[in-house]
Amino acid sequence: MKHTKPLLPLALLALAGAAQAQSGVTIYGRLDLSITKQNSGTSALTANNGRSGPAGNRWDLRHGSENRLGFRGIEDLGGGLQAGFQIEHRFLGDTGVADPVFWKARSFVHLDSKELGSVYLGREYVPIFWPALKLDPWGWDTVGSPSLNHQLATYRIDGHARANNSVGYRSPTLHGFSSNVAVSAGEGVRDRSVGANIEYTAGALYLAAGFDRQASNNRVALIGGAYDFGFIRPRVSFTSAEVGGRAAKNLTLAASMPVGNHLARFAVARLDPEGGNNNTTKLGVGYEHFLSKRTSVYSDLGSSKQQGTVAGKALTRSTVVDFGLKHNF
């Protein structure tokens, strides 16, 4: 007994250490800033670099992708179960100004089973977002990206592609197939939304489809695919939407080409809203050089031409270019 008593506290410490090893919190984030120049064109231009207001035909310092600070945690519950959370904040890196909705990007809790999948509750991306993101070579970042307006054909929910008050389910991957379904409660503020996606991955092949619906006159559906040939990965996606009772369609053809530590990107997207000659065609070209796994420098060009007139004058081409530095942590 004289020898076992000192061992008891050690055993308790060992158990406590094992419990701590089964859970943890990760801090992550991104700082991404670019020098940006946009002309004074009057065509609508989806330049996902934080620009607001009219084009100024000037040089600006903007973000190439939204700067962020996030926390995610996981706890092993045993028996193949895990519980976790993720919260993510967005801010302007050039001024330090925080987004008024502090955890706007993501704020949800989840329960996972290796065999049954994952259930989550909170503010999270709608299921159609994930195929749309993967079929964009820029992942919705920088001025070259087709981004939200084209990839979802102007459809938005809660101001972006994230839904408040979501209850969702993500399936495990089985024979290459996975799916995500979600319902977002309106809570007396807006109509309830319902969405789903299905994805298939087999080696170099990726196929996906998704939809989201909010009331009878606000909906979107997407289908697309990609194939990785090694030296080039072409992508194609087609989106059909109805926003406030007005139909719109978008076709995006895109590709990425890895060359050593470099990555070249190309895309052309055509958005065709209902109601006459008012389509918008956007061309994107980009180059990124990876200095490490976390840091890269990049340059992109986005150019858009929209049909139609304003005050009796034909819309002119809008073009923007960026030169940026990005660091993930």
query: Quick one: is the NZ or CZ of Arg72 closer than 6.0 Å to the six-membered ring centre of Tyr28, and within 45° of its axis?
result: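 Checked: cation-pi criterion met.
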Flag, side chain of [X] to backbone of [Y], donor-acceptor distance under 3.5 Å:
{"X": "Ser304", "Y": "Ala44", "answer": "yes"}
{"X": "Thr142", "Y": "Gly144", "answer": "yes"}
{"X": "Ser113", "Y": "Leu116", "answer": "yes"}
{"X": "Arg123", "Y": "Lys104", "answer": "yes"}
{"X": "Lys282", "Y": "His150", "answer": "no"}
{"X": "Asp32", "Y": "Asn67", "answer": "no"}
{"X": "Asp76", "Y": "Ser23", "answer": "no"}
{"X": "Asp322", "Y": "Gly324", "answer": "no"}
{"X": "Thr316", "Y": "Thr42", "answer": "yes"}
{"X": "Asp212", "Y": "Ile128", "answer": "no"}

Do [X] and [Y] touch side chain to side chain, with heavy atoms closer than 4.5 Å?
{"X": "Leu111", "Y": "Leu121", "result": "no"}
{"X": "Trp59", "Y": "Thr36", "result": "no"}
{"X": "Asn250", "Y": "Gln151", "result": "yes"}
{"X": "Phe266", "Y": "Ser256", "result": "no"}
{"X": "Asn180", "Y": "Tyr169", "result": "no"}
{"X": "Val236", "Y": "Thr252", "result": "no"}
{"X": "Phe323", "Y": "Ser299", "result": "yes"}
{"X": "Arg30", "Y": "Ser65", "result": "yes"}

[X] with [Y], same ILVMFWY side-chain cluster at under 4.5 Å:
{"X": "Leu325", "Y": "Val321", "result": "no"}
{"X": "Val25", "Y": "Tyr120", "result": "no"}
{"X": "Tyr155", "Y": "Leu135", "result": "yes"}
{"X": "Val285", "Y": "Val259", "result": "no"}
{"X": "Phe129", "Y": "Ile157", "result": "yes"}

message: One pair to check against side-chain hydrogen bond (donor to acceptor under 3.5 Å, both in side chains): Asp112 and Ser118. What are the steps and the verdict?
response: CA-CA 4 Å; Asp112 309 328; Ser118 175; 2.5 Å; yes
What are the two closest heavy atoms between [X] and [Y], and how far apart are they?
{"X": "Leu152", "Y": "Ala132", "answer": "CD2-CB, 4.0 Å"}
{"X": "Phe91", "Y": "Leu69", "answer": "CE2-N, 4.1 Å"}
{"X": "Val243", "Y": "Ala153", "answer": "CG2-O, 4.1 Å"}
{"X": "Arg317", "Y": "Asn39", "answer": "O-ND2, 3.2 Å"}
{"X": "Ser43", "Y": "Ser318", "answer": "O-OG, 2.8 Å"}
{"X": "Phe108", "Y": "Gly122", "answer": "CB-CA, 4.0 Å"}

query: Passes side-chain hydrogen bond (donor to acceptor under 3.5 Å, both in side chains), Asn149 versus Arg156? Steps please.
result: CA-CA 9 Å; Asn149 269 12; Arg156 282 175 170 79; 3.0 Å; yes
task: Could you tell me if the ring centre of Phe85 sits under 6.0 Å from that of His110?
output: no
Does a side-chain N-to-carboxylate-O contact under 4.0 Å join [X] and [Y]?
{"X": "Asp191", "Y": "Arg213", "answer": "no"}
{"X": "Asp136", "Y": "Arg235", "answer": "no"}
{"X": "Glu288", "Y": "Lys326", "answer": "yes"}
{"X": "Lys249", "Y": "Asp272", "answer": "no"}
{"X": "Asp60", "Y": "Arg58", "answer": "yes"}

query: Applying salt bridge (Lys or Arg N to Asp or Glu O under 4.0 Å), which residue pairs with at least one partner in residues 169-188 are found, sequence neighbours left out?
result: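 Listed by first then second residue: Glu124-Arg170.
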With rounding to the nearest 0.5 angstrom, report the [atom1] to [atom2] distance, [X] to [Y].
{"X": "Asn197", "Y": "Ser179", "atom1": "CG", "atom2": "OG", "answer": "7.0 Å"}
{"X": "His327", "Y": "Thr295", "atom1": "NE2", "atom2": "OG1", "answer": "5.0 Å"}
{"X": "Glu115", "Y": "Leu81", "atom1": "CD", "atom2": "CG", "answer": "9.5 Å"}
{"X": "Arg106", "Y": "Gln86", "atom1": "CZ", "atom2": "CD", "answer": "4.0 Å"}
{"X": "Tyr200", "Y": "Ser178", "atom1": "OH", "atom2": "OG", "answer": "11.5 Å"}
{"X": "Leu92", "Y": "Asp99", "atom1": "CG", "atom2": "CG", "answer": "8.0 Å"}

- prompt: Transitive ILVMFWY cluster of Phe290 at side-chain heavy atoms under 4.5 Å: who else is in it?
  reply: Leu263
Side-chain donor-acceptor contacts of residues 217-232 below 3.5 Å, not counting sequence neighbours, with atom names and distances?
| unit_1 | atom_1 | unit_2 | atom_2 | d |
| --- | --- | --- | --- | --- |
| Asn218 | ND2 | Gln214 | OE1 | 3.3 |
| Arg219 | NE | Glu242 | OE1 | 3.1 |
| Arg219 | NH2 | Glu242 | OE1 | 3.2 |
| Asp228 | OD1 | Gly230 | N | 2.8 |

task: Would you please say whether a donor-acceptor pair under 3.5 Å links the side chains of His262 and Tyr287?
output: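 Result is yes, a qualifying pair exists.
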- prompt: Have Thr280 and Arg270 got a donor and an acceptor in their side chains that come within less than 3.5 Å?
  reply: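 No - no donor-acceptor pair under 3.5 Å links their side chains.
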- prompt: Does the side chain to side chain contact (heavy atoms under 4.5 Å, CB included) test come out yes or no for Val183 and Arg192, once each step is laid out?
  reply: CA-CA 7 Å; Val183 178; Arg192 180 181 63 184; 3.5 Å; yes
Result block: side-chain N/O donor-acceptor pairs under 3.5 angstrom for residues 202-211, not counting sequence neighbours:
| unit_1 | atom_1 | unit_2 | atom_2 | d |
| --- | --- | --- | --- | --- |
| Tyr206 | OH | Glu199 | OE2 | 2.5 |

query: Once the angle between the rings of Trp130 and Tyr125 is folded into 0 to 90°, is it parallel (under 30°), tilted (30 to 60°) or perpendicular (over 60°)?
result: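 Rings of Trp130 and Tyr125: perpendicular, over 60°.
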task: Test side chain to side chain contact (heavy atoms under 4.5 Å, CB included) on Asn279 and Gln306 and set out the steps.
output: CA-CA 6 Å; Asn279 63 67; Gln306 183 179 7; over 6 Å; no
task: Would you please name every residue forming a side-chain contact (heavy atoms from CB on, under 4.5 Å) with Ala267, sequence neighbours left out?
output: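 side-chain contact (heavy atoms from CB on, under 4.5 Å) check on Ala267 returns Trp138, Pro146, Ala254.
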message: Please check if the number of heavy atoms outside Ile35 that lie under 6.0 Å from its CD1 is greater than 12.
response: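 12 or below, so no.
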- request: Under the salt bridge (charged side-chain N to carboxylate O under 4.0 Å, His left out) rule, collect the residues that match up with Arg90, sequence neighbours excluded.
  value: Glu66, Glu88
